[in-house]
Amino acid sequence: KCAINQHCVEGSCACSACPNGKIANVVADTCILPMGVTAVSNKNNTGSTAAGAIDGTTAKTWNSGTTDGTLTLTFATPQAMTALVVYVTGQADGGSTAARTITVNASIDTGAASPLAANGTWNYASMATGPIRLELGLVKASKITLKLSSPSSWIAVNEVLFVLCS
């Protein structure tokens with residue numbers, strides 16, 4: 001019997017395909033979130049909405065407009081995954097490219113008594129956009145809450161992606 005993120009191919013288990021496809025040239029082995037996911041944020045910069053973080057493209061973003069923010073994703077049906085990738089952009093006021101960080105603290109509801117916690121950081125100087133990969137082990141997520149913060153940069157999430165098999 002294959003794991004929940006796999007299927008049987010000629011008697012062997014293989015990783016299942018991404019249910020909603022991938023974004024080319026972003027982060028290898030990541031999947032676009034499945035249909036039916038909703039996103040809610042605690043704040044939005046002018047013209048930005050939480051939906052920009054889960055729309056299947058890095059062209060639209062969710063931007064908190066400040067150095068912190070919370071993004072909550074709710075799945076229509078639980079989704080198997082082994083990692084979460086938060087593709088972020090940060091920019092200090094005035095466009096400075098001084099070294100800075102963006103930190104993500106995630107809480108993943110899996111149906112267990114307590115949510116799974118994971119965290120990661122994007123450190124950058126000249127390249128303000130990049131992935132924060134949170135390793136989860138094999139879980140079925142029903143809700144994910146991302147708390148983002150930076151000591152000196154506003155927060156934008158270009159896309160939230162997941163890894164089906166690590």
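All residue numbers refer to positions in the sequence shown, counting from 1. Note that this is a predicted model, so its numbers are computed, not measured.
- Applying the disulfide (SG to SG under 2.5 Å) rule to pairs touching residues 24-85 yields Cys18-Cys31, sequence neighbours excluded.
- Across all their heavy atoms, Thr129 and Trp122 have their closest contact at O-CZ2, 3.4 Å.
- Under the 4.5 Å side-chain criterion, counting only non-hydrogen atoms from C-beta, Val86 is in contact with Leu146.
- Between Cys2 and Cys8, the two SG sulfurs stay at or beyond 2.5 Å from each other.
- Residues that satisfy the side chain to side chain contact (heavy atoms under 4.5 Å, CB included) test with Asn20, not counting sequence neighbours, are Ile32, Met35.
- Ile23 has its side chain within reach of Glu159: a pair of non-hydrogen atoms, C-beta onward, lies under 4.5 Å apart.
- Inter-residue side-chain proximity for Val160 and Leu33 is flagged as met; some heavy-atom pair is nearer than 4.5 Å.
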Enumerate, atom names and distances included, each donor-acceptor pair closer than 3.5 Å involving a side-chain atom of residues 51-60, sequence neighbours excluded.
residue : atom : partner : partner atom : Å
Asp55   : OD1  : Thr57   : N            : 3.2
Thr57   : OG1  : Ala59   : N            : 3.1

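- A distance of 7.0 Å separates CD1 of Ile108 from CG of Leu134, quoted to the nearest 0.5 Å.
- Listed by first then second residue, pairs satisfying salt bridge (Lys or Arg N to Asp or Glu O under 4.0 Å) with a partner in residues 139-156 number zero, not counting sequence neighbours.
- A 4.5 Å side-chain heavy-atom check between Leu148 and Val88 finds at least one atom pair inside the cut-off.
- A 4.5 Å side-chain heavy-atom check between Asn119 and Val104 finds every atom pair outside the cut-off.
- We find the OG-CG distance between Ser16 and Leu164 to be 5.5 Å, quoted to the nearest 0.5 Å.
- Under the rule for a side chain to side chain donor-acceptor pair (under 3.5 Å), Asn63 has no partner lying at least two apart in sequence or in another chain.
- Taking CH2 of Trp154 as the reference point, atom CD1 of Ile102 lies at 8.0 Å (rounded to 0.5 Å).
- Distance check: Leu136 CG to Phe162 CZ gives 11.5 Å after rounding to the nearest 0.5 Å.
- Sorted by first and then second residue, the salt bridge (Lys or Arg N to Asp or Glu O under 4.0 Å) pairs with a member in residues 1-27 form an empty list; sequence neighbours excluded.
- For Ala14, the side chain to side chain contact (heavy atoms under 4.5 Å, CB included) partners at least two apart in sequence or on another chain are His7, Val9.
- For residues 72-83, the set of pairs meeting the salt bridge (Lys or Arg N to Asp or Glu O under 4.0 Å) definition, not counting sequence neighbours, is empty.
- Listed by first then second residue, pairs satisfying side-chain hydrogen bond (donor to acceptor under 3.5 Å, both in side chains) with a partner in residues 29-42 read Ser41-Asn44, Ser41-Trp62, not counting sequence neighbours.
- Between Ser64 atom OG and Ile155 atom CD1 the span is 5.5 Å, to the nearest 0.5 Å.
- The other members of the hydrophobic cluster of Ile4, by chain and number, are Leu138 (side-chain heavy atoms under 4.5 Å, ILVMFWY only).
- Listed by first and then second residue, the side-chain hydrogen bond (donor to acceptor under 3.5 Å, both in side chains) pairs that reach into residues 68-82 are Lys43-Asp68, Thr66-Asp68, Thr82-Ser166, sequence neighbours excluded.
- Screening residues 132-166 for disulfide (SG to SG under 2.5 Å), with sequence neighbours left out, gives Cys15-Cys165.
- Between the OG atom of Ser142 and the CG atom of Leu73 there is a distance of 11.5 Å, given to the nearest 0.5 Å.
- Val85 places a side-chain heavy atom less than 4.5 Å from the side chain of Val163.
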